[in-house]
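The structure under discussion appears below in the form of structure tokens.
Note that the numbering runs from 1 along the sequence shown for the chain. In listed order, ligands and their atoms are each counted from 1.
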Amino acid sequence: MTSDTPPIHLQADARVAAVRAAFDGGRTRPLPWRTAQLRALDRMLVAEADAIHAALQADLGKCAIESRLTETAFLRAEIAHALKHLRRWSRPKRIAIPLSLQPAHGRLVPEPLGVVLVIAPWNYPVQLLLAPLIGAIAAGNAVVLKPSEVAPNVAATLARLIPRYLDNDAVVVVEGGVAETGALLRERFDHIFYTGNSAVARVVMTAAARHLTPVTLELGGKSPLWIDDSVDMKAAARRIAWAKFLNAGQTCVAPDYLLAAPGTAENLVPHLRNAIHELYGNNPRNSSAYGRIINSRHVERLLTLIDPARCVIGGEHDIGERYIAPTVLHPATAGDASMQDEIFGPILPVVTVKDAEAAIAFIRARPKPLALYAFTSDRALRQRLVDETSSGALAFDFAVAHLGAPDMPFGGVGASGMGAYHGEASFRIFSHFKPVMRKPLWPDTLRLIFPPYGKTVEHVIDLLLVRG
Ligand code: NAD
């Protein structure tokens, strides 16, 4: 910061005020503005794919194809979905009016909330910044974007590119870390969309409370995966290994740990070894498909979770290269270091429990996870999991890929977050559905319930309100 640069809080103040002026001026409301912005964002993702993928490679060692799958193409699919359905989503919906209020006409009219703040984390730093942006723009809001400073190449790339494609008056990127985010949080927003850890979520919610700003909190936690021997172990192991080691395990919905009966766990481990080999070859370090840990602090944190006595696959690492091999710990127990907090890295503990009953008890005794997975062909068990457990989402016989269905709202419950987005759910969280009603002055039926009260009013209440 030079001596001419205003202090952080004044920069935040001025930038939010400028964006609010754009919103108040009405430019973000018309559908043509929204669709033009969405198309421009799509153009950016196509024309600048190489730059975006290079930044992801630098920050997370993510190869271009994985970046396409989980970031740029993912976003393009969300944009295409929004463009296809936006007219329908934004159309006022007719509301039925009860007989007691007839004649009258009621509609729900979606309106934008105003100025939205999106705070993104580092693990899918493009997707998690821009997917909320798609919903916010589709709903007609102005937006302040705060990328994660922990993925610095992506933050700098997006801060450079976004102003070149989107309406600079209504969509701005504010780079920075804790101080800059803190300064932004002192401003008044109409919605705050935060993705990240639950400690910062508390900071966000506290700041939001000051202005009574609604929040969406997309958090994490330990997502369990139950597997029993009713399924094809080889196929299951392949899906589990992909979901766990994608982005080197730094995925909020990655299976955090496995739950299995002792015999199933024993059978599964060699299949996991083969699956890891199939996906990443003899030495995952040399595989372009295998990513890196975001920084050395996280490598060091993760290494404390690997108990050499339980390490049956992987364990190799190189702090300088931010590399940790796909690692499986077996048999793990609830007391292990790896079972205390969300792992958020390529370490998979296999916890043995007696049976499915014990697995359900294990899951229910812990905070509600962002995702719960079960690999089983037992229909009755699947239904029990639907009925007896609570999680952001529940997926059978696969993991992580449920995020690819735009009409499946994505979000947590309890400790894993509040509010859900993607597809129409994104449009809904950034909209207020305003009830608009008109009741003509004639015939003046409302008079039937006005004072002076007497038998007639009593009859009207009974006939129209209670029975009507
Ligand atoms: P992070 O460190 O990048 O932090 C997220 C954002 O919060 C950043 O923009 C950062 O600048 C800001 N921030 C950090 N400290 C702050 C403070 N004290 N005050 C104000 N702002 C602050 O990312 P992270 O939190 O390490 O992300 C990982 C977590 O996010 C994991 O728990 C993961 O499960 C969760 N996550 C959830 C989802 C989801 O969609 N539910 C997706 C990805 C990650």
Side-chain angles (χ1 to χ4, degrees), residues 8-9 12 59-60 70-71 74 78 117-132 135 144-156 158-159 173-187 189 192-208 210 215-223 244 246-257 293-295 297-298 301-302 340-345 367-371 391-393 400 402-404 408-422 425-426 429:
I8 285 166
H9 70 277
D59 286 335
L60 287 150
T70 61
E71 310 249 16
F74 178 94
E78 273 281 319
L117 171 63
V118 177
I119 305 175
W122 51 265
N123 63 324
Y124 288 86
V126 183
Q127 185 206 130
L128 297 171
L129 187 74
L130 302 186
V144 176
L145 295 167
K146 180 23 208 93
S148 175
E149 74 283 13
V150 184
N153 290 287
V154 168
L158 293 179
V173 183
V174 175
E175 281 189 272
V178 176
E180 288 77 4
T181 318
L184 280 174
L185 286 171
R186 280 190 284 280
E187 299 300 315
F189 290 93
I192 300 177
F193 190 105
Y194 167 80
T195 305
N197 68 73
S198 56
V200 175
R202 287 178 174 84
V203 174
V204 169
M205 211 168 168
T206 306
R210 227 178 14 247
V215 293
T216 301
L217 302 177
E218 298 286 342
L219 313 179
K222 292 181 88 64
S223 295
K244 177 70 191 186
L246 180 77
N247 204 28
Q250 300 160 113
T251 303
C252 55
V253 283
D256 186 88
Y257 63 94
I293 308 304
I294 187 73
N295 56 34
R297 184 173 66 80
H298 277 284
R301 175 185 65 80
L302 287 163
Q340 305 317 304
D341 297 311
E342 179 181 7
I343 294 171
F344 222 54
K368 293 177 181 180
L370 188 56
S391 52
V400 171
H402 58 290
L403 264 76
M408 284 279 193
F410 170 61
V413 58
S416 52
M418 61 181 74
Y421 73 128
H422 288 179
S426 292
I429 45 172

Close residues, ligand 1: non-hydrogen atom nearer than 4.0 Å: Ile119, Ala120, Pro121, Trp122, Asn123, Leu128, Lys146, Pro147, Ser148, Glu149, Val150, Val178, Thr181, Tyr194, Thr195, Gly196, Asn197, Val200, Val203, Glu218, Leu219, Gly220, Cys252, Glu342, Phe344, Leu370, Phe410
Donor-acceptor pair between Tyr194 and Thr216 side chains, under 3.5 angstrom: no
Applying salt bridge (charged side-chain N to carboxylate O under 4.0 Å, His left out) to Glu78 and not counting sequence neighbours gives none
Phe344: ring pair (Phe, Tyr, Trp, His ring centres under 6.0 Å) partners, not counting sequence neighbours: Trp122
Note, Val118 side chain near Val144 side chain (heavy atom, < 4.5 Å): no
Could you check, using the six-membered ring where one of them is a Trp, whether Phe193 and Tyr421 have ring centers closer than 6.0 angstrom? yes
Going by side chain to side chain contact (heavy atoms under 4.5 Å, CB included), name the residues that satisfy it together with Pro121, two or more places apart in sequence or in a different chain. Asn123, Leu128, Thr195
